[in-house]
Trainee: 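Dumping the structure here so I can ask a few things about it.
All values below were derived from every heavy atom in this structure, side-chain atoms included, with hydrogens, water molecules and symmetry-related copies excluded.
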Amino acid sequence: MKLFRELRTREITVLVYRILLAYFFYQVARFLFWFFNRGLIRIDSVQDYFGLAFHGVAFDTTAILYVNALFILLSIIPVIINTRKGYQKLLFWLYFITNGIAYAMNFGDMVYFKFSQMRLTSAALQVAQHEDNMFRIFTLSVVQNPFVLLCFIASMALWVFLYRKVKIAEQKPVRLVPYFIWSLVLICVTTVLAVGGIRGDFKHSTRPINLVDANRFVKLPAQGNMVLNSTFSFFRTLNTNNFKEVHFVDEKFIEENIHPYKTYNRAVTDKPNIVIFIIESFSREYSGAFNREKNIKDYVSYTPFMDSLANESLIFPNTFANGRQSIHGMSSVLAGIPSLTDAFTSSPYSNQKIQSIVSVCNEMGYDTSFYHGAPNGSMGFLGFGNILGFKHYYGKTEYNNDSDFDGTWAIWDEPFLQYFAKNAGKKQPFMATVFTASSHHPFKIPERYNGKFKKGKNQMHEPIQYTDYSIRKYFETARKQPWFHNTIFVFTGDHTNEVYYPEYEKIMNRFAVPLIFYSPSPAYQLKGVDHELAQQIDIYPTLADLIGYNRKIRSWGRSLVDAKRYPPVIANSDGAAEQFIIGNYIYRFDGKEIVGIFDNSDLGLEKNLMDRLKNNFDAEKGKQIAKAWYQDYMDRVINRKMN
């Protein structure tokens, strides 16, 4: 029995207690995450909530073991002094520094989930590396969301209090041989448990759990974010690459159903100028012109000028974004490249020759330029713009007047759009893209306009009115320019932002953006309302068609103004699975299999029809088309066939 005296029972008990504390506080964070985002994640009952929380334990286990690996090792490694006060103090600081940082990720998502609509991933590092104002943004977020900060401080204070309630009395081992034997056994057992915990299972055949696995336990796709935690999603996506070649169908099926290359034969005598507005966070929800037939109770529009312009334009009220971030919008709109679970622009494959509206315009003798009022290089626009081949880039440096800087992101929209109106078009024909900036966190407007616009129902409503006003002022100046009459203008959003109306809380409508084609020249016949499905990647082939480019176009989109309409395949991703709208159904795809089929009117993805449609011809054909599209996308990206 003397052998068992060196079993280190008290140390093991206290270690288990400390790890269980982490489990408890991860559940606290899960509840707070749901509470702050309950309008976006529908949970119908207490039973459903506890079911999601239960399944979240596996993902919490992985996160907790990632973060506490060194703490656990130092707690059990036999160095004899483990129970001394100095050693325990070292463990205390290691535990709370590592857990505090990791735990804070979950509180950050309590704020940013409503913008990103997905848990934190390592893609945030790609965004951060292009910005030099992250501390300012962080400070503003804290000021604007004090209750989240208070919850974090209170949780950490309680965590520290509970940690200190259970202590280890100093005890020196008497018999060193049994001490080391039991310690070795303890290390071996702990290692086995840790490996299984990190993988999510002890079965040899089971691959480590990842973000997709969270959706195995949910009724609605958005609930997958409740199963996950932000620490897990961040660490699990570090150094990952989901770009992998797959083979589901033959090339003939792809050619006949995906049509990766398209040709248009429009005759154009006087090449029009092209002006593309990619409007920051411009959700379809904010614009009345796109909600006239939605029957949304007490609906209010916050874009009066865009609404009036839409009356003189060709608009598409059923348009979807192909990505979740600003740089995704740039690749989708200009190059027809959507962003799936992993973004093309942050992949190892982005630096390749890419056919785009930029390269097409360059080939046709256009002067091409890109405008964005942030510090040059922000958001990765300058780098990707160079890949696409823009001849000119105009940013904060070229604007050269910091008195118009908003203090956080960029030059205010109004003065920068005035600069854009006067600077573009010095050489014709031209293609100019401007990416606005003011309708963005921290949701400020210039002080001189305080009180001019309605506050609205959420933080986005006031700044989107300011951007709308800035575009109005832009048009007042642009109309005086000699190039105005023979110009085609395009307006869309890069992605969506804060949601107020339940209609736009639906999963697919979180990608709902406007699309407007306008020209003061009647020659282009850009008027009317077209209710067909559209997406950002349709903009590039549509413009190539309108300017008379008659050569082969590489695009998964289609011209929206050609008499021949290719069947649309709407493609985007919520970060956990790819989503396709094909024919009568919406499909969710995990990279290997279709995991959900929904009626195309079920934009909330509430009723999975997979079992009911097992022998349905249209649904089975749609599954094949979704897989074929994905196969072609991976093939062209990985094998550098984007030209």
Trainee: When Leu186 is tested against each of Leu184, Val189, Thr190 for side chain to side chain contact (heavy atoms under 4.5 Å, CB included), which residue passes?
Mentor: Thr190
Trainee: Return yes if a side-chain donor-acceptor contact under 3.5 Å exists between Asp599 and Ser601, otherwise no.
Mentor: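 Side-chain D/A pair, Asp599 to Ser601: present.
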Trainee: Walk me through whether Arg18 and Phe71 qualify under side-chain contact (heavy atoms from CB on, under 4.5 Å).
Mentor: CA-CA 10 Å; Arg18 291 168 176 174; Phe71 171 79; 3.8 Å; yes
Trainee: Pair Thr231, Asn106 - check side chain to side chain donor-acceptor pair (under 3.5 Å), show working.
Mentor: CA-CA 7 Å; Thr231 311; Asn106 296 278; 3.2 Å; yes
Trainee: For Phe50, does the CZ atom have more than 12 heavy-atom neighbours from other residues, nucleotides or ligands under 6.0 Å away?
Mentor: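 No.
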Trainee: Is the shortest side-chain heavy-atom distance between Ile464 and Ser281 below 4.5 Å?
Mentor: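 The answer is no, as the side chains (C-beta and beyond) never meet within the 4.5 Å cut-off.
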Trainee: Taking all non-hydrogen atoms of both residues, which atom of Ala222 and which atom of Ile507 are closest, and how far apart?
Mentor: N-CD1, 3.5 Å
Trainee: Please answer whether the main-chain N or O of Leu340 pairs with a side-chain N or O of Glu578 as donor and acceptor at a distance below 3.5 Å.
Mentor: no
Trainee: Work out which heavy atom in Ile77 is nearest to a heavy atom in Asn82; give both atom names and the distance.
Mentor: O-ND2, 2.8 Å
Trainee: Do other residues, nucleotides or ligands put more than 12 heavy atoms under 6.0 Å from Lys244 NZ?
Mentor: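 For Lys244, atom NZ is crowded (more than 12 foreign heavy atoms under 6.0 Å).
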Trainee: Please state whether the rings of Tyr95 and Tyr163 are parallel, tilted or perpendicular, taking 30° and 60° as the class boundaries.
Mentor: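 Rings of Tyr95 and Tyr163: tilted, 30 to 60°.
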Trainee: Main chain of Ser230, side chain of Asp109: is a donor-acceptor contact present, judged purely on distance under 3.5 Å?
Mentor: no
Trainee: Under 3.5 Å, side chain of Asp602 to main-chain N/O of Glu606, donor-acceptor pair present?
Mentor: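 Side chain of Asp602 to backbone of Glu606: a pair is present.
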Trainee: Quick one: does Val14's side chain get under 4.5 Å of Arg10's, heavy atoms only?
Mentor: yes
Trainee: Look at Arg510 together with Asp574 and state whether they make a salt bridge at an N to O cut-off of under 4.0 Å.
Mentor: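 Answer for the salt bridge query: no.
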Trainee: Any chance you could lay out the side chain to side chain donor-acceptor pair (under 3.5 Å) test for Thr83 and Gln88, step after step, and finish with the verdict?
Mentor: CA-CA 6 Å; Thr83 60; Gln88 287 297 310; over 6 Å; no
Trainee: Do Lys627 and Glu593 sit within salt-bridge range, that is, some charged N less than 4.0 Å from a carboxylate O?
Mentor: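 Looking at Glu593 together with Lys627, the answer is yes, because their closest N to O distance falls below 4.0 Å.
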Trainee: Taking C-beta and beyond as the side chain, do Met226 and Val218 meet within less than 4.5 Å on heavy atoms?
Mentor: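 Met226 does not reach Val218 side chain to side chain.
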Trainee: Could you tell me which non-hydrogen atom of Phe511 sits nearest to which non-hydrogen atom of Gln579, and how far apart they are?
Mentor: CE1-NE2, 3.6 Å
Trainee: Between CD1 of Ile638 and OH of Tyr633, what distance do you get to the nearest 0.5 Å?
Mentor: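 These two atoms lie 9.5 Å from each other.
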Trainee: Would a distance-only check, ignoring hydrogens and angles, find a side-chain to backbone donor-acceptor pair under 3.5 Å from Tyr501 to Asp298?
Mentor: yes
Trainee: Working note: Glu285 + Thr496, criterion side-chain contact (heavy atoms from CB on, under 4.5 Å); need CA distance, chi angles, decisive distance, verdict.
Mentor: CA-CA 9 Å; Glu285 175 182 3; Thr496 62; over 6 Å; no
Trainee: So, the side chain of Lys623 versus the backbone of Ile594: is there a donor-acceptor pair under 3.5 Å, distance only?
Mentor: no
Trainee: Is the shortest side-chain heavy-atom distance between Leu52 and Trp34 below 4.5 Å?
Mentor: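 Sidechains of Trp34 and Leu52: no contact.
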Trainee: Given the ring of Phe59, does Arg236 sit roughly above its face, with NZ or CZ under 6.0 Å from the centre of the six-membered ring and within 45° of the axis?
Mentor: no
Trainee: Should Ser326 and Glu280 be marked as a side chain to side chain donor-acceptor pair (under 3.5 Å) after you check the CA-CA gap, both sets of side-chain angles, and the distance that decides it?
Mentor: CA-CA 7 Å; Ser326 295; Glu280 176 63 53; 3.2 Å; yes
Trainee: Rounded to the nearest 0.5 Å, how far apart are OG of Ser439 and OH of Tyr286?
Mentor: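 It comes to 8.5 Å.
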Trainee: Tell me whether the rings of Tyr585 and Tyr587 are parallel (<30°), tilted (30 to 60°) or perpendicular (>60°).
Mentor: perpendicular
Trainee: Would you say Ile41 and Asn225 make side-chain contact, with heavy atoms under 4.5 Å?
Mentor: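 The answer is yes, as the side chains (C-beta and beyond) meet within the 4.5 Å cut-off.
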Trainee: What is the distance from atom NZ of Lys167 to atom CZ of Phe92, rounded to the nearest 0.5 Å?
Mentor: 10.5 Å
Trainee: Find the distance between CZ (Phe25) and OH (Tyr103) and round it off to the nearest 0.5 Å.
Mentor: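 Answer rounded to 0.5 Å: 6.5 Å.
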Trainee: For the residue pair Tyr302 and Lys457, what are the closest heavy atoms and their distance?
Mentor: OH-N, 3.8 Å
Trainee: Check Glu170 against Lys85 and note the closest heavy-atom contact, atom names and distance.
Mentor: OE1-N, 4.4 Å
Trainee: Would Asp44 and Arg42 pass as an ion pair if we require N to O under 4.0 Å?
Mentor: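 Salt bridge between Asp44 and Arg42, a charged N being under 4.0 Å from a carboxylate O: yes.
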Trainee: Given Trp629 and Ile582, is the side-chain contact (heavy atoms from CB on, under 4.5 Å) satisfied, shown in steps?
Mentor: CA-CA 11 Å; Trp629 189 102; Ile582 302 169; over 6 Å; no
Trainee: Decide if atom CZ of Phe54 counts as having more than 12 heavy atoms of other residues, nucleotides or ligands within a radius under 6.0 Å.
Mentor: no
Trainee: Does any non-hydrogen side-chain atom of Thr345 lie less than 4.5 Å from one of Met330?
Mentor: no
Trainee: Would you give the length of the straight line joining atom CG of Asp494 to atom CD of Gln536, rounded to the nearest 0.5 angstrom?
Mentor: 7.5 Å
Trainee: Give me the atom names and distance for the closest heavy-atom approach of Tyr26 to Ala102.
Mentor: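 Shortest heavy-atom separation between Tyr26 and Ala102 comes out as OH-CB, 4.0 Å.
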Trainee: If you define the side chain from C-beta out and look only at heavy atoms, does anything of Leu74 sit under 4.5 Å from Tyr87?
Mentor: yes
Trainee: Within a strict 4.5 Å, meaning less than it, do heavy atoms of the Met508 and Leu605 side chains meet?
Mentor: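 Side-chain contact under 4.5 Å: yes.
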Trainee: Mark yes when over 12 heavy atoms from residues, nucleotides or ligands other than Phe113 sit less than 6.0 Å from its CZ; otherwise mark no.
Mentor: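 Yes, because the 6.0 Å sphere around CZ of Phe113 holds more than 12 heavy atoms from other groups.
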Trainee: Decide whether a cation-pi geometry holds between Arg30 and Tyr49; the criteria are a distance under 6.0 Å from NZ or CZ to the six-membered ring centre and an angle within 45° of the ring axis.
Mentor: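 No, Arg30 and Tyr49 do not form such a contact.
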Trainee: Has the side chain of Asn608 got a donor or acceptor atom that lies under 3.5 Å from a matching backbone atom of Ile597?
Mentor: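 A pair under 3.5 Å: yes.
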Trainee: Once rounded to the nearest 0.5 Å, what's the spacing between atom CG of Leu120 and atom CG of Asn229?
Mentor: 10.5 Å
Trainee: Step by step, would you call Ser573 with Arg324 a side-chain contact (heavy atoms from CB on, under 4.5 Å)?
Mentor: CA-CA 8 Å; Ser573 172; Arg324 307 174 300 276; 3.7 Å; yes
